[in-house]
Amino acid sequence: MNIFALFETRVREALESLTRSGRLPEGLDLSRVVVEPPRDASHGDLATNAALVLAKEAKQNPKALGEALADELRTDPRIVEASVAGPGFINLRLAPEVFQDVIRAALSEGENFGRGQMPGGPVNIEYVSANPTGPMHVGHGRGAVFGDALANLLAAAGRPVTREYYINDAGAQVDVLARSAYLRYREALGETITIPEGLYPGDYLKPVGMRLAETHGRALLDQPEHEWLPQVRRFAIDAMMAMIREDLAAIGIRHDVFFSEATLQGENGGKVAELLDALRQKGLVYEGRLPPPKGQLPDDWEDREQTLFRSSQFGDDVDRALLKSDGSFTYFASDIAYHRDKWLRGANELIDVLGADHGGYVKRMQAAVKAVSDGQARLDVKLCQLVRLLRAGEPVKMSKRAGEFVTLRDVIDEVGRDAIRFMMLYRKNDATLDFDLAKVVEQSKDNPVFYVQYGHARRFSVLRQAREALPGEDFSPAALLADADLSVLTDPGEIEMMRLIAQYPRVLESAAAAHEPHRIAFYLYETASSLHSFWNKGKDLPQLRIVNPTDRNSTRARLALVEALGGVLASGLAVLGVSAPNEMR
């Protein structure tokens with residue numbers, strides 16, 4: 001039950017009534033009409049901007065139009081007050097029965113409450129896609145958690161979602177990996193090695209070298225590089241991907257598809273060559289020269305005639321090269337072919353979750369997706385800013401195993417999956433995140449993940465108290481739904497909790513539409529806080545205690561409210577991929 005959608009329909013009906021009576025002209029654009037929470041909760045339960053956004057087109061004074069619309073809305077028995085504020089906003093105060101119906105819906109639907117049928121076709125979300133050259137670091141973890149939570153969020157809102165990982169298993173970096181692993185192979189066979197600059201020095205490659213020695217013995221030593229390199233490359237990539245998959249599993253990340261970059265460039269150029277043919281047929285490829293970029297020239301800029309894609313025709317700043325001077329495909333050409341493949345597999349909405357250093361990538365890839373799909377698909381690129389890892393305010397030193405950075409697995413082992421996932425999402429993805437290992441395990445209000453999980457555990461704590469105080473009573477959601485008298489819930493704290501529960505479907509939908517899972521984390525903290533505040537009031541005011549053995553009526557009503565709120569907390573935590581414990585240990 002989404003009261004915002006429900007009363008947006010009621011506002012549109014009232015506008016249609018004004019149109020029929022001649023008070024409004026026909027054919028007004030209602031697309032900008034919304035119903036949302038008022039900025040100040042004391043002003044009411046809902047607010048609509050209808051009069052404000054329609055006044056200019058209707059050639060009317062917004063305040064006068066607001067009064068006419070408010071008169072129409074006052075005829076609805078579910079609306080006890082409709083008042084016009086400021087330049088034309090209409091604040092609505094709802095009858096208590098509306099919120100009681102919300103609680104009944106939440107009890108009836110359980111964790112499905114608020115989950116909807118968001119319009120739109122299949123979505124492909126690509127996230128993590130770390131180069132298979134070593135273990136994942138904390139920065140990879142932020143993108144992984146964000147992408148996974150976004151996939152959960154869109155699925156909860158009703159969109160079909162494919163979760164994808166792009167394996168960068170072609171190019172120079174995997175040859176460097178192979179040569180680094182080959183050194184460790186020689187080390188495993190007893191040689192003393194020195195790792196030259198340009199190869200990967202981390203100890204994580206030692207087990208790979210040992211397994212190579214177990215598999216091949218000394219056979220690779222007798223082969224020239226062009227023979228052993230492809231064998232070691234494939235072996236090392238598989239070993240690194242196994243390590244990455246283990247790290248992802250430890251943090252609750254899953255993917256439906258692992259797509260190999262190497263498969264794009266098959267015989268006769270493979271899918272990249274197909275892409276170029278398709279672009280040529282559209283007249284989007286030409287031979288020309290690119291102007292030098294402003295500022296310092298990048299190393300890869302070439303002042304020569306090149307094969308170019310008309311990306312500026314689709315919103316990019318300049319056209320882009322598709323072939324290198326040696327005739328091989330550019331990385332950009334491979335990226336376009338990959339995104340075209342996603343679209344051909346059926347996704348009309350593509351989402352890439354990337355590190356903050358990919359900002360220059362956004363316009364060109366959005367242009368490419370628009371071009372290859374004839375505007376049928378759109379691409380949203382979500383950039384995740386850096387993570388500063390701290391312990392009690394001090395920067396954390398590098399990992400000995402990785403040699404250059406702190407691995408994600410080190411952090412998982414220290415603070416656990418829930419703390420990482422929640423705190424990675426408790427800040428907007430495009431803002432730098434300070435992640436303090438000491439603070440995220442504190443059991444206090446200042447630690448959001450603890451506070452929200454404690455709120456969910458409190459749901460079961462009060463239920464256990466009720467069973468002890470009133471033995472034999474049935475406190476199941478079905479029983480509470482059948483006979484709890486919700487009209488006794490009149491305290492401001494109870495009303496606040498009901499309002500927050502009613503907001504959940506809208507929060508879920510708006511967060512999914514904006515691709516912003518952090519909104520769920522913020523909402524959960526506010527909702528858990530409302531429960532904790534009401535609980536604390538009951539310590540000082542016995543008449544507000546949730547479990548009151550002398551007042552069966554209020555006990556059952558408050559248990560129904562807590563059960564409904566707890567279901568919302570469990571649902572939101574599931575979207576974030578965080579556990580909802582029944583008790584805190």
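When the side chain to side chain donor-acceptor pair (under 3.5 Å) test is applied to Ser312, the partners found at least two apart in sequence or on another chain are Asp319.
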Given Gln443 and Met584, is the side-chain contact (heavy atoms from CB on, under 4.5 Å) satisfied, shown in steps? CA-CA 10 Å; Gln443 294 192 355; Met584 303 300 286; 5.9 Å; no
Verify side-chain contact (heavy atoms from CB on, under 4.5 Å) between Leu264 and Phe259, making sure each step is shown before the conclusion. CA-CA 9 Å; Leu264 290 171; Phe259 189 99; 3.8 Å; yes
Using the side-chain contact (heavy atoms from CB on, under 4.5 Å) rule, take Trp535 and Val462 through it: C-alpha gap first, then chi angles, then the decisive distance, then the call. CA-CA 10 Å; Trp535 170 273; Val462 294; 3.2 Å; yes
Take Tyr127 and Arg163 through the test side-chain contact (heavy atoms from CB on, under 4.5 Å) and record every step on the way to the result. CA-CA 8 Å; Tyr127 54 104; Arg163 305 157 188 257; 3.4 Å; yes
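Residue Arg234 places its CZ atom among more than 12 non-hydrogen atoms of other residues, nucleotides or ligands, all under 6.0 Å distant. The environment of CE in Met241 is crowded: more than 12 heavy-atom neighbours from other residues, nucleotides or ligands sit within 6.0 Å. The environment of Lys370 atom NZ is sparse: at most 12 non-hydrogen atoms of other residues, nucleotides or ligands sit within 6.0 angstrom.
Annotation: side chain of Asp410 is not in contact with side chain of Val396 (no heavy-atom distance under 4.5 Å). Considering only heavy atoms from C-beta on, Phe450 stays 4.5 Å or farther from Ser444 through its side chain. Counting heavy atoms from C-beta outward, Pro132 and Ile167 have side chains that approach closer than 4.5 Å. Between Leu350 and Met365, the closest side-chain pair of non-hydrogen atoms is not below 4.5 Å. Residues Val176 and Leu199 meet the side-chain proximity criterion, which asks for heavy atoms closer than 4.5 Å. The shortest side-chain heavy-atom distance between Met423 and Pro448 falls under the 4.5 Å cut-off. Val102 places a side-chain heavy atom less than 4.5 Å from the side chain of Phe113. Considering only heavy atoms from C-beta on, Tyr338 stays 4.5 Å or farther from Lys271 through its side chain.
Judged by distance alone, the side chain of Tyr504 and the main-chain N or O of Leu565 form no donor-acceptor pair under 3.5 Å. For the pair Ser328 (side chain) and Lys324 (backbone), a donor-acceptor distance under 3.5 Å is absent. Using modelled atom types, no side-chain atom of Arg340 and backbone atom of Val372 make a donor-acceptor pair closer than 3.5 Å. For Thr330 (side chain) and Ala321 (main-chain N/O), a donor-acceptor pair under 3.5 Å exists by modelled atom type. Side chain of Asn536 to main chain of His532: a donor-acceptor pair is present (N/O by atom type, distance under 3.5 Å, no hydrogens or angles). A donor-acceptor contact shorter than 3.5 Å is absent between the side chain of His456 and the backbone of Gln453. When atom types are taken as modelled, the side chain of Ser311 and the backbone of Val318 share a donor-acceptor pair closer than 3.5 angstrom. One N or O on the side chain of Asp169 and one on the backbone of Ala262 form a donor-acceptor pair closer than 3.5 Å. In this structure, Asn152 contributes its side chain and Leu576 its backbone to no donor-acceptor pair below 3.5 Å. A side-chain donor-acceptor contact under 3.5 Å links His339 to the backbone of Asp335.
In summary, of the residues considered (Asp256, Asp148, Val161), a side-chain contact (heavy atoms from CB on, under 4.5 Å) with Ile125 occurs for Val161 alone.
Expressed to the nearest 0.5 Å, how far OH of Tyr525 lies from CG of Asn447 amounts to 9.0 Å. Rounded to the nearest 0.5 Å, atoms CG (Leu276) and CG (Leu284) are 11.0 Å apart. Interatomic distance, Phe4 CZ to Leu46 CG, rounded to the nearest 0.5 Å: 5.5 Å. Separation of atoms CG (Asp434) and CG (Leu390) is listed at 5.0 Å; rounding is to 0.5 Å. Rounded to the nearest 0.5 Å, atoms CG (Asn112) and CZ (Arg115) are 6.5 Å apart. For the atom pair Gln385 CD and Lys428 NZ, the distance stands at 10.5 Å (nearest 0.5 Å).
The side-chain tip of Arg245 points at the ring of Phe258 from less than 6.0 angstrom away and within 45° of straight on. Geometrically, Lys445 does not engage Tyr454 in a cation-pi contact defined by less than 6.0 Å to the ring centre and at most 45° from the axis.
Closest of all the heavy-atom pairs between Ala181 and Val232 is CB-CG1, 4.0 Å. Considering every non-hydrogen atom in both Asp380 and Gln366, the closest pair reads CA-NE2, 4.4 Å. Scanning all heavy atoms of the two residues, the minimum distance from Ala511 to Ile520 falls at CB-CD1, 4.1 Å. The two residues Asn168 and Val174 make their nearest non-hydrogen contact at O-CG1, 3.4 Å. In terms of heavy-atom proximity, Asn131 sits nearest to Ile244 at O-CD1, 4.2 Å. In terms of heavy atoms, Ala347 sits closest to Trp343 at O-CD1, 3.3 Å.
In this structure, Phe522 and His518 have perpendicular ring planes: the angle between them is above 60°, well past the 30° mark. The aromatic rings of Tyr165 and His255 stand perpendicular to each other, their planes meeting at an angle above 60°, with 30° marking the opposite boundary.
A salt bridge links Lys342 to Asp352: at least one charged side-chain nitrogen sits closer than 4.0 Å to a carboxylate oxygen. Using a cutoff of 4.0 Å between basic side-chain nitrogens and carboxylate oxygens, Asp247 and Arg409 are scored as salt-bridged. The pair Arg184-Glu187 meets the salt-bridge criterion, since a charged nitrogen lies less than 4.0 angstrom from a carboxylate oxygen. Looking at Arg506 and Glu8, no side-chain N of the basic residue comes within less than 4.0 Å of a carboxylate O on the acidic one, giving no salt bridge. Remark: Lys363 engages Asp317 in a salt bridge, criterion side-chain N to carboxylate O under 4.0 Å.
Between the side chains of Glu261 and Ser334, not a single donor N or O lies within less than 3.5 Å of an accepting N or O. Asp418 and Ser579 share a donor-acceptor pair across their side chains, judged by distance under 3.5 Å alone.
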